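A short worksheet on the structure shown next.
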Amino acid sequence: MRVVDEIRLAQHAGPKRFSTVVQLIETLDGSARFVRFSYSTDGVGRRGPVTLRAKDVERLRAALALRPEFQAALDLCSPGGGAAA
């Protein structure tokens, strides 16, 4: 897999600081694309649940508006949309 594009959303919960990381990834031969969600604390990538507040979803939407390929991969509202391979 290779990362095609990445969006980082800085977040906080009280004193805790972290980033949600949304990556557009594809197979090495380019035949399939996927979207990966993770989070990062202290610059280290983590797996686990990712929680986005409404304002974070709006920030993600704004970032996606500038990235048509990424936006298309996350298009869950239209028939046939999404990153299914």
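Bear in mind that the values here come from a model prediction, so they are computed numbers and not experimental data. Reckoned from all heavy atoms, side chains included, excluding hydrogens, waters and symmetry mates. Counting from 1, the numbers follow the sequence of the chain as shown.
- Taking OH of Tyr39 as the reference point, atom CG of Leu52 lies at 13.5 Å (rounded to 0.5 Å).
- The nearest pair of heavy atoms linking Thr27 to Ser31 is OG1-N, 3.1 Å.
- Taking the side chain as every heavy atom from C-beta outward, Ile25 and Arg33 never approach each other to under 4.5 Å.
- Under the 4.5 Å side-chain criterion, counting only non-hydrogen atoms from C-beta, Val22 is in contact with Phe70.
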Using atom types as modelled, flag every donor-acceptor pair under 3.5 Å from a side chain in residues 1-13 to any protein atom, sequence neighbours excluded.
| unit_1 | atom_1 | unit_2 | atom_2 | d |
| --- | --- | --- | --- | --- |
| Arg2 | NE | Glu26 | OE2 | 3.0 |
| Arg2 | NH2 | Glu26 | OE2 | 2.7 |
| Asp5 | OD1 | Arg67 | NE | 3.3 |
| Asp5 | OD2 | Arg67 | NE | 2.9 |
| Glu6 | OE1 | Gln23 | NE2 | 2.6 |
| Glu6 | OE2 | Arg8 | NE | 3.0 |
| Gln11 | OE1 | Thr20 | OG1 | 2.3 |
| Gln11 | NE2 | Thr51 | O | 3.3 |
| Gln11 | NE2 | Asp56 | OD2 | 2.7 |

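- Every residue two or more places apart in sequence or in another chain that forms a side-chain hydrogen bond (donor to acceptor under 3.5 Å, both in side chains) with Arg61 is listed here: Glu58.
- Looking at residues two or more places apart in sequence or on another chain, you find no salt bridge (charged side-chain N to carboxylate O under 4.0 Å, His left out) involving Arg36.
- For Arg17, the CZ atom counts as densely surrounded, since its 6.0 Å shell holds more than 12 non-hydrogen atoms of other residues, nucleotides or ligands.
- Here CZ of Phe34 is found 10.5 Å from CG of Leu24. Values are rounded to the nearest 0.5 Å.
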Enumerate donor-acceptor pairs with a distance under 3.5 Å from any side-chain N or O in residues 42-50 to protein atoms, sequence neighbours excluded.
| unit_1 | atom_1 | unit_2 | atom_2 | d |
| --- | --- | --- | --- | --- |
| Arg46 | NE | Thr41 | OG1 | 2.8 |
| Arg46 | NH2 | Thr41 | OG1 | 3.2 |

